[in-house]
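Lettering follows sequence order; numbering is per chain, from 1.
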There are 2 protein chains.
Amino acid sequence: MRSKNEPGGQKRSFIERARRAQIIDAAVRTIAEVGYPNASLARIARTAQVSKGVISYHFDGKDELMDQVVISVYTQIGEEVAPRVLAEQNMERALRTHVRGVAEYALAHRERMTALSQIFRHFRDAQGAPRFDGSQPEAIYQPMEELYRAGQRSGEFRDFDVRVMAVSQQATIDAMFEYWRTHPDHDLLAHADELGELLVRAIRAP
Amino acid sequence: MRSKNEPGGQKRSFIERARRAQIIDAAVRTIAEVGYPNASLARIARTAQVSKGVISYHFDGKDELMDQVVISVYTQIGEEVAPRVLAEQNMERALRTHVRGVAEYALAHRERMTALSQIFRHFRDAQGAPRFDGSQPEAIYQPMEELYRAGQRSGEFRDFDVRVMAVSQQATIDAMFEYWRTHPDHDLLAHADELGELLVRAIRAP
DNA sequence: TAGGATTCTGGCCATGCGGTCAAAAAACGA
DNA sequence: TCGTTTTTTGACCGCATGGCCAGAATCCTA
């Protein structure tokens, strides 16, 4: 049982890394299919075609598995979208590209985005505080706030409260995916472009 | 056991209406305190200082209880906020007043707003579809879309997609309360005013 | 190939859930 | 007052959950 994520990180065996990846993938597909509240360990294990104990063996518990799912998907989104955002010449285009980029990612990896969205919405600690939402504000809002501030410095954006804007933007993007999930025929890219327009107008100078 | 909400609505006895109100209130307080996922019938019953069977006796089940909580809070919000919104002379002010109004309601009835917000976020049917979110779009988005269209007709608002805007506005308001719930020292009214500014700028002409 | 380390299985545990029920209690009406 | 109806209780049901573990299977290396 080497799966403790302790600082003294032992390297994982090949088979262990493969199993973890397989289980994470099964978790993604299960959550996307039946929703977070119905995605029990037993159901995830069945999707992965392994015994339930395997999950407990490779992960510290359901919480760590969910953490890994989020990290996995979030990292992939960052790798696909961040370069495009950074390549833009001005902050307004960067903002639009960000929204457009995550929507395109969602179209290409529907299950992964659905799972991420579900975990964000439902995964709470025992006290009911969200595990990934605003509770560690820095982690999730800081990149966006950096972008806003850059735009404010350059004069492209007016002087607005970056925290309120970051919370709002995150919420509108989440809502876009939730709406898309419950209305699969909804035109996601059109929604994304329209949302980009809304967001830009909300904050651009003057 | 007269609590069936059948069309042939028998009138409820005084004591039954009182008990239902008491239980709804206990549900509100329990959800606000421990979050929707931890608000079991047993816990709500303990809060109400009645036996668990009483809830089953007066309500068809947990779902009906949640429905009643939503109806109760939602109705009250409507009564307090709608008149103020309708009294405004133009659509831009109406929009700001709406956001400001619900924030003021939340400050005055923190537990009720928290409970409503929690139910919106977590209450799903067995298929994972939200019970109050966008699934019955008309119910929740239509009033807002009406307001948008009125503003578009009057020329105050530009030509934007009212559905995208309605989904986004609802999401930003929910996020405001969720952020406030996890950051109790957050200045809710300032957030509301700032959000009003964002929303107005997003859609006003040209 | 032998033997230790790693991985997997399948059943088991305690817990909590929503819901039900017979019987007790309370309220009501004649 | 007494019989009926309404309401409440507390135990109980079946089920699902996350987690645990002894033993079996497999893998790896000496």
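- Checking A:Gln169 against A:His98 by side-chain atom types alone, a donor-acceptor pair falls below 3.5 Å.
- The CZ atom of A:Arg17 sits 17 Å away from the P atom of C:dT6 (whole-angstrom rounding).
- Atom-to-atom, CD1 of A:Ile55 to P of C:dT7 comes out at 16 Å; the value is rounded to the nearest Å.
- OP1 or OP2 of D:dT7 lies within a sub-4.0 Å distance of a side-chain N or O belonging to B:Tyr57.
- In this structure, CZ of A:Arg20 is placed 16 Å from P of C:dT6, rounded to the nearest angstrom.
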side-chain hydrogen bond (donor to acceptor under 3.5 Å, both in side chains), that's the test. Do A:Thr30 and A:Arg46 meet it? Break it down for me.
CA-CA 9 Å; A:Thr30 307; A:Arg46 203 190 320 145; over 6 Å; no

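- Protein atom CZ of A:Phe59 is 13 Å distant from nucleotide atom P of C:dT7, rounded to whole Å.
- Put simply, A:Arg19 has no side-chain N or O that comes within less than 4.0 Å of OP1 or OP2 on C:dT6.
- In this structure, A:His58 reaches the C:dC8 phosphate: one of its side-chain N or O atoms is under 4.0 Å from OP1 or OP2.
- In terms of the salt bridge (Lys or Arg N to Asp or Glu O under 4.0 Å) criterion, residue partners of A:Arg96 (sequence neighbours excluded) are, by chain and number, A:Glu92, A:Glu197.
- Panel note: side chain B:Gln152, backbone B:Phe160; a donor-acceptor pair is recorded below 3.5 Å.
- Remark: of the listed residues B:Gln142, B:Glu146, B:Glu145, B:Glu145 is the sole one forming a side-chain contact (heavy atoms from CB on, under 4.5 Å) with B:Val162.
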So what is the 5' to 3' dot-bracket string for DNA chain C, if pairs are Watson-Crick or G-U wobble with both distances under 3.5 Å, crossing pairs use [ ] and | means the partner sits on another strand?
||||||||||||||||||||||||||||||

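- In this structure, A:Ile44 places its CD1 atom 11 Å from P of D:dG19, rounding to the nearest Å.
- Between the CE atom of A:Met66 and the C1' atom of D:dG18 there is a distance of 12 Å, rounded to whole Å.
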When every nucleotide of nucleotides 12-21 of chain C is labelled 5' to 3' by its protein contacts under 4.0 Å (heavy atoms), B for base, S for sugar-phosphate only, - for none, what sequence of letters results?
-----SBBB-

